[in-house]
Amino acid sequence: MNPGAPVMEMRGVGLTYPGPPPVEALRPFDLTVHHGDYLAVVGPSGAGKSTFLNIAGLLDPPTTGRYLLDGQDTASIGDARVTALRGNRIGFVFQSFHLLAHRSARENVELGMVYQRVPHRERRHRASQALHRVGLAHRMDAVPARLSGGERQRVAVARALAAEPALLLCDEPTGNLDSTTAATVLDLLDALHHQGMTIITITHDPNVARRARRIITVHDGVVDETPAPGPGAA
Ligand code: ADP
């Protein structure tokens with residue numbers, strides 16, 4: 001970890017699926033994400049958003065360019081350290097929550113830390129802190145079936161936060177929620193942003209993108225930054 005470095009630095013990053021025929025899913029682009037940034041990555045289906053997410057989340061290496069996370073060149077550190085970097089520095093929030101049905105909210109959050117080798121007592125402590133942070137202190141012992149969709153997604157956010165990530169990477173975080181519930185989850189992301197969390201949300205929904213401070217568009221594999229509308233814009 002390098003405290004002075006941007007959270008994420010992509011230089012000439014691109015990805016071509018080998019095929020045949022080869023598909024240039026992302027043309028080489030540059031992107032720097034600083035601590036406390038809040039980005040939305042938007043674009044139509046097939047544009048390259050998932051490919052971006054997979055690279056940013058260290059699930060797939062780019063086929064060209066350099067990607068530094070927390071100042072570490074992810075191409076030069078080997079698979080085991082990439083896995084550790086992913087687990088320690090990136091908190092994932094997915095559209096479909098991915099909670100274990102027979103575990104309580106607190107256990108679900110605790111299980112997110114198992115691979116970090118956090119001792120059991122510390123896991124319990126961090127899990128309850130994270131659930132407090134997302135406003136679910138009173139629902140810690142509930143299993144997912146007893147929680148609303150919005151509450152389930154807040155448990156998933158708590159699980160991501162408990163690992164104390166440098167970056168929260170959200171993939172269509174409100175895709176399974178009605179618009180009122182979605183707004184409460186987006187309010188939570190706003191609050192985390194105000195507390196200094198670095199957030200990237202991949203979405204095709206303009207209502208989700210509007211919350212971010214930076215808008216990155218992906219279109220036919222071309223990654224571009226467009227000026228974000230000011231606060232209060234319709
Ligand atoms: P989005 O998430 O914006 O819908 P994707 O990143 O999934 O877009 O896809 C970008 C492009 O790459 C699309 O043209 C898609 O068909 C292609 N693509 C995605 N995955 C593969 C793959 N494994 N092999 C070949 N082409 C792929």
Side-chain angles (χ1 to χ4, degrees), residues 6-33 37-69 73-75 79 82-83 85-87 89-99 149 152-153 156-157 159-160 165-179 182 185-186 189 193 198-229:
V7 174
M8 179 187 277
E9 197 166 1
M10 292 173 161
R11 291 279 160 262
V13 160
L15 189 140
T16 298
Y17 291 106
V23 176
E24 191 178 35
L26 283 180
R27 301 227 210 126
F29 64 94
D30 294 340
L31 180 68
T32 302
V33 176
D37 274 356
Y38 185 178
L39 282 74
V41 177
V42 299
S45 178
K49 299 184 302 298
S50 305
T51 305
F52 175 90
L53 173 85
N54 291 344
I55 294 173
L58 295 176
L59 301 164
D60 282 333
T63 49
T64 185
R66 291 177 75 208
Y67 172 20
L68 284 78
L69 182 68
D73 190 336
T74 57
D79 286 353
V82 166
T83 303
L85 198 59
R86 187 193 311 126
R89 308 309 291 154
I90 303 177
F92 289 93
V93 176
F94 301 103
Q95 176 171 348
S96 51
F97 321 140
H98 292 302
L99 300 177
R152 285 179 210 174
Q153 191 58 305
V157 171
R159 178 180 55 196
L167 170 68
L168 204 56
L169 198 50
C170 309
D171 188 16
E172 299 286 3
T174 59
N176 279 355
L177 304 174
D178 64 70
S179 57
V185 169
L186 295 174
L189 295 181
H193 165 62
T198 310
I199 303 173
I200 300 180
T201 300
I202 282 78
T203 186
H204 69 279
D205 182 346
N207 289 318
V208 176
R210 197 171 290 146
R211 301 291 189 115
R213 295 294 187 269
R214 294 174 62 189
I215 305 286
I216 309 299
T217 57
V218 189
H219 212 279
D220 285 340
V222 177
V223 177
D224 236 333
E225 179 148 7
T226 60

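Side chains included, hydrogens not; waters and symmetry mates left out as well; all remaining heavy atoms used. Remember, it's 1-based here, ligands and their atoms both numbered in the order they're listed.
In terms of protein heavy-atom proximity, atom 6 (O) of ligand 1 is closest to Thr51 OG1, 2.6 Å. Among protein heavy atoms, the minimum distance from atom 12 (O) of ligand 1 is reached at Ala25 CB, 3.5 Å. For atom 2 (O) of ligand 1, the closest non-hydrogen atom of the protein is Ser50 OG, 2.6 Å. Considering only non-hydrogen protein atoms, atom 19 (C) of ligand 1 sits nearest to Tyr17 CE1, 3.4 Å. The protein heavy-atom contact nearest to atom 8 (O) of ligand 1 is Gly48 N, 3.1 Å. For atom 13 (C) of ligand 1, the closest non-hydrogen atom of the protein is Gly46 O, 3.5 Å.
A donor-acceptor pair shorter than 3.5 Å can be found between the side chains of Thr51 and Tyr17. Using modelled atom types, one finds no donor on one side chain facing an acceptor on the other under 3.5 Å when comparing Glu24 with Thr16. There is no side-chain donor-acceptor pair under 3.5 Å between Thr74 and Arg66. Side-chain atoms of Asp171 and Gln95 include no donor-acceptor pair closer than 3.5 Å.
Within the listing of ligand 1, atoms 3 (O) sit less than 4.0 angstrom from a heavy atom of Pro44.
On a distance-only criterion, Val23 and ligand 1 share no N/O pair closer than 3.5 Å.
Taking both residues in full, the closest heavy atoms of Cys170 and Ile199 are given as SG-CG2, 4.3 Å, listed atom of the first, atom of the second, then distance.
The existence of a salt bridge linking Arg213 and Asp37 is excluded, since no basic side-chain nitrogen approaches an acidic carboxylate oxygen closer than 4.0 Å.
Taking a distance limit of 4.0 Å, we find that atom 16 (O) of ligand 1 is approached by no protein heavy atom.
Ring geometry for Phe94 against His98 counts as perpendicular: the plane angle is over 60°, on a 0 to 90° scale with 30° as the lower cut.
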